Number of protein chains: 2
Amino acid sequence: MSRKTDASLSQGAERRVPMRDFSRSLPMSLLRAREAVMRQFRPSLRNHGLTEQQWRILRALAAIEAVEVSELARMAFLLGPSLSRILRDLEARQLIERRTDPADQRRGVVSISAKGLKLMAAVAPTSEAIYAAITKRYGARKLAELQEMLAALEQSLSGMEQGAVADEEDA
Amino acid sequence: MSRKTDASLSQGAERRVPMRDFSRSLPMSLLRAREAVMRQFRPSLRNHGLTEQQWRILRALAAIEAVEVSELARMAFLLGPSLSRILRDLEARQLIERRTDPADQRRGVVSISAKGLKLMAAVAPTSEAIYAAITKRYGARKLAELQEMLAALEQSLSGMEQGAVADEEDA
DNA sequence: GAGAAATGATTAACATGTTAAATTATGGTG
DNA sequence: CACCATAATTTAACATGTTAATCATTTCTC
């Protein structure tokens with residue numbers, strides 16, 4: 001690699017670009033909080049051979065008989081391409097089942113399998129226990145309040161069309 | 001693909017696994033809120049050829065003369081492997097400069113280049129304007145309160161050792 | 001001071017995020 | 001009915017997330 005061992009960096013360059021304190025930006029706060037939460041769940045999911053996203057899909061499917069792929073994407077908050085790949089994998093592992101809507105052959109319809117339900121039943125207790133521990137630590141009321149504020153944030157931004165602020169391209 | 005066209009799914013399987021309403025889980029709330037926020041910034045960053053993570057690194061670097069790679073990872077909240085790849089790319093684009101700490105040849109030291117500062121100066125105004133718009137929409141006070149609650153959540157979870165809840169492996 | 005243990009960084013391997021393009025199936029229109 | 005626009009899904013291509021393994025250097029220890 002091109003790594004100089006001397007100290008010839010651009011020392012003289014004026015270094016200040018006026019911006020908010022980086023570590024306190026909203027995206028960073030949200031990212032750190034989410035990571036702190038997920039760190040609690042990942043080990044258990046991993047023990048059962050599941051990723052966070054795969055688990056989201058199983059949970060979404062457990063609540064219903066069957067759903068179209070697009071609707072599942074919306075429920076699990078995954079983009080189409082990610083979902084496509086994950087469904088391929090989950091189907092190969094026989095955790096879900098898939099058919100085609102006879103009325104519209106473009107649509108795929110997905111449901112959880114008996115094996116998938118069995119896996120869920122194995123994971124759910126630990127997962128619920130972790131969630132309960134988090135709730136206890138943070139406070140149930142405070143947690144509910146946080147969720148409301150997050151939902152409100154989503155709402156606030158839902159109508160913010162992009163491009164409201166001008167911006168040139170780079171070419 | 002193995003997609004049955006008939007309707008022979010596992011209809012009889014008992015479908016209920018007792019769990020909280022999925023869409024209201026804390027990780028999902030945090031994910032959605034963060035995505036709603038990032039959706040505002042991504043187009044502008046993209047116009048300048050930057051990803052969210054690359055922008056985080058430049059912002060972290062703009063505040064200081066130079067930092068070690070590990071410290072930069074902590075500041076930008078990136079894992080080592082991600083940071084390694086991104087630094088390789090940013091260095092190739094001459095947006096950053098890199099040397100090796102003479103006192104400890106294991107440590108890499110990174111700083112932003114003049115070109116990197118120039119790019120930041122081009123992106124910052126739009127970025128700040130978007131942030132201001134978000135703040136106005138959601139409310140400055142409410143935003144500050146949200147950040148406090150997120151920080152508190154991090155704090156609450158910081159001492160939660162994993163494995164506090166038993167969990168068997170799958171083999 | 002030679003060799004083991006530890007540390008900083010990178011690489012490897014696989015899963016997902018993100019945007020664009022391609023595929024296949026519907027539906028409308030002349 | 002041929003044609004074209006649209007829609008649902010997948011594939012492609014590249015960037016990052018995540019864990020494990022590797023590599024180089026340093027530090028500890030005898």
Side-chain angles (χ1 to χ4, degrees), chain A residues 1-3 5 27 31-32 34-47 49-57 67-74 76-93 98-110 162, chain B residues 1-3 5 27 31-32 34-47 49-57 67-74 76-93 98-110 162:
Chain A
M1 311 274 149
S2 68
R3 290 170 64 161
T5 303
L31 179 58
R32 282 206 289 248
R34 186 175 140 79
E35 176 54 29
V37 173
M38 285 316 302
R39 200 194 322 279
Q40 312 300 321
F41 290 98
R42 258 191 286 269
S44 164
L45 292 179
R46 185 173 175 71
N47 278 348
L50 289 174
T51 66
E52 175 195 339
Q53 293 82 358
Q54 293 166 353
W55 178 237
R56 287 219 299 273
I57 290 173
V67 269
E68 295 174 9
V69 172
S70 325
E71 173 66 4
L72 181 56
R74 201 189 56 71
F77 206 70
L78 290 169
L79 294 178
S82 295
L83 182 55
S84 246
R85 284 178 302 217
I86 301 175
L87 288 181
R88 190 204 309 146
D89 177 68
L90 293 179
E91 186 182 19
R93 289 156 70 183
R98 183 138 69 150
R99 64 181 177 82
T100 302
D101 182 348
D104 185 343
Q105 306 259 130
R106 289 172 303 183
R107 298 171 191 276
V109 179
V110 185
Q162 76 283 43
Chain B
M1 307 276 153
S2 67
R3 291 171 62 161
T5 303
L31 180 58
R32 282 207 289 248
R34 187 175 139 79
E35 176 54 29
V37 173
M38 286 315 302
R39 199 194 321 281
Q40 312 300 321
F41 290 98
R42 259 191 286 269
S44 164
L45 292 179
R46 185 172 175 70
N47 277 348
L50 289 175
T51 66
E52 176 194 338
Q53 292 82 358
Q54 292 166 355
W55 177 237
R56 286 219 299 273
I57 291 174
V67 269
E68 295 174 10
V69 171
S70 331
E71 173 66 3
L72 181 55
R74 201 189 56 70
F77 206 69
L78 291 170
L79 294 179
S82 295
L83 183 55
S84 250
R85 284 178 303 219
I86 299 174
L87 288 181
R88 190 203 310 147
D89 177 68
L90 292 180
E91 186 181 20
R93 290 157 69 186
R98 186 140 63 154
R99 63 181 176 81
T100 302
D101 182 348
D104 184 344
Q105 306 259 129
R106 291 172 303 183
R107 298 171 191 275
V109 179
V110 184
Q162 75 283 47

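In what follows, every chain begins at residue 1, and chains take the letters A, B, ... in the order their sequences are listed. Please read all numbers here as calculations on a predicted model, not as lab measurements. The basis for the numbers below is simple: all heavy atoms, side chains too, and nothing from hydrogens, waters or symmetry mates.
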**Message:** Can you give me the closest heavy-atom contact between Pro27(B) and Val37(A), atom names plus distance?
**Reply:** CG-CG1, 3.7 Å
**Request:** Grab the CZ-P distance between Arg85(B) and dG17(D) for me, whole Å please.
**Result:** 7 Å
**Asked** Thr51(B) side chain: which of dT25(D), dA15(D), dT26(C) is closest?
**Response** dA15(D)
**Request:** Could you please name the option among dT11(D), dT11(C), dT26(C) that lies closest to any side-chain atom of Ser84(B)?
**Result:** dT11(C)
**Item:** Nearest-nucleotide pick for Gln54(A), side chain only, options being dG17(D), dA15(C), dA12(C)
**Value:** dA15(C)
**Gln105(B) CD to dA6(C) C1', straight-line distance once rounded to whole Å** = 18 Å
Distances under 3.5 Å between protein N/O atoms and the N/O atoms of nucleotides 2-7 of chain D, please, pair by pair.
unit_1: dA7(D); atom_1: O4'; unit_2: Arg106(A); atom_2: NH1; d: 3.4
unit_1: dA7(D); atom_1: N3; unit_2: Arg106(A); atom_2: NH1; d: 3.3

**Message:** Quick check on dT11(C): is either OP1 or OP2 less than 4.0 Å from any side-chain nitrogen or oxygen of Arg88(B)?
**Reply:** yes
**Asked** Can you check whether Gln53(B) has a side-chain N or O nearer than 4.0 Å to OP1 or OP2 of dG17(C)?
**Response** no
**Message:** If the threshold is 4.0 Å, N to carboxylate O, is there a salt bridge linking Arg74(B) and Glu68(B)?
**Reply:** no
**Message:** Mind checking if Arg42(A) touches a base, just sugar-phosphate, or nothing, with heavy atoms under 4.0 Å?
**Reply:** sugar-phosphate
**Asked** Between Leu83(B) (CG) and dT10(C) (P), how many Å, whole number?
**Response** 7 Å
**Prompt:** Would you call Leu90(B) and Arg98(B) a side-chain contact if the rule is heavy atoms closer than 4.5 Å?
**Reply:** no
**Request:** Locate the shortest heavy-atom distance separating Ala76(A) from Ile57(A); write the atom from each residue and the value.
**Result:** CB-CG1, 4.3 Å
**Request:** With the side chain counted from C-beta on, respond yes when Ile86(A) and Thr51(A) share a heavy-atom pair under 4.5 Å apart, and no when they do not.
**Result:** no
**Fill in**
In short, Gln40(B) meets Pro43(B) closest at the heavy-atom pair O-CD, 3.8 Å
**Request:** Considering just the side-chain nitrogens and oxygens of Arg98(A), establish if one lies under 4.0 Å of OP1 or OP2 belonging to dT10(D).
**Result:** yes
**Message:** dG17(D), OP1 or OP2 - any side-chain N/O from Ser82(B) closer than 4.0 Å?
**Reply:** yes
**Message:** Nearest whole Å is fine: how far is dT24(C) C1' from Asp101(A) CG?
**Reply:** 15 Å
**Asked** In whole angstrom, what separates Arg39(B)'s CZ from dT18(C)'s P?
**Response** 9 Å
**Asked** Rounded to the Å, how far apart are Ile86(B) CD1 and dT10(C) P?
**Response** 12 Å
**Message:** Within the 4.0 Å heavy-atom criterion, would you say Glu35(B) contacts the bases, only the backbone, or no part of the nucleic acid?
**Reply:** sugar-phosphate
**Asked** Roughly how many Å is it from CG in Leu78(A) to P in dA8(D), rounded to a whole number?
**Response** 18 Å
**Message:** Among dT11(C), dT26(D), dT19(C), which nucleotide has an atom closest to any side-chain atom of Pro81(B)?
**Reply:** dT11(C)
**Message:** Quick check on DNA chain D: between Asp104(B) and Gly80(A), whose nearest nucleotide comes earlier from the 5' end?
**Reply:** Gly80(A)
**Asked** Leu50(B) has an atom CG; how far is it from atom P of dG17(C), in whole Å?
**Response** 22 Å
**Request:** Using a 4.5 Å cut-off on heavy atoms from C-beta on, say whether the side chain of Gln53(A) contacts that of Arg56(A).
**Result:** yes
**Message:** Strictly below 4.0 Å, N to O, side chains only: are Arg85(B) and Asp89(B) in salt-bridge contact?
**Reply:** no
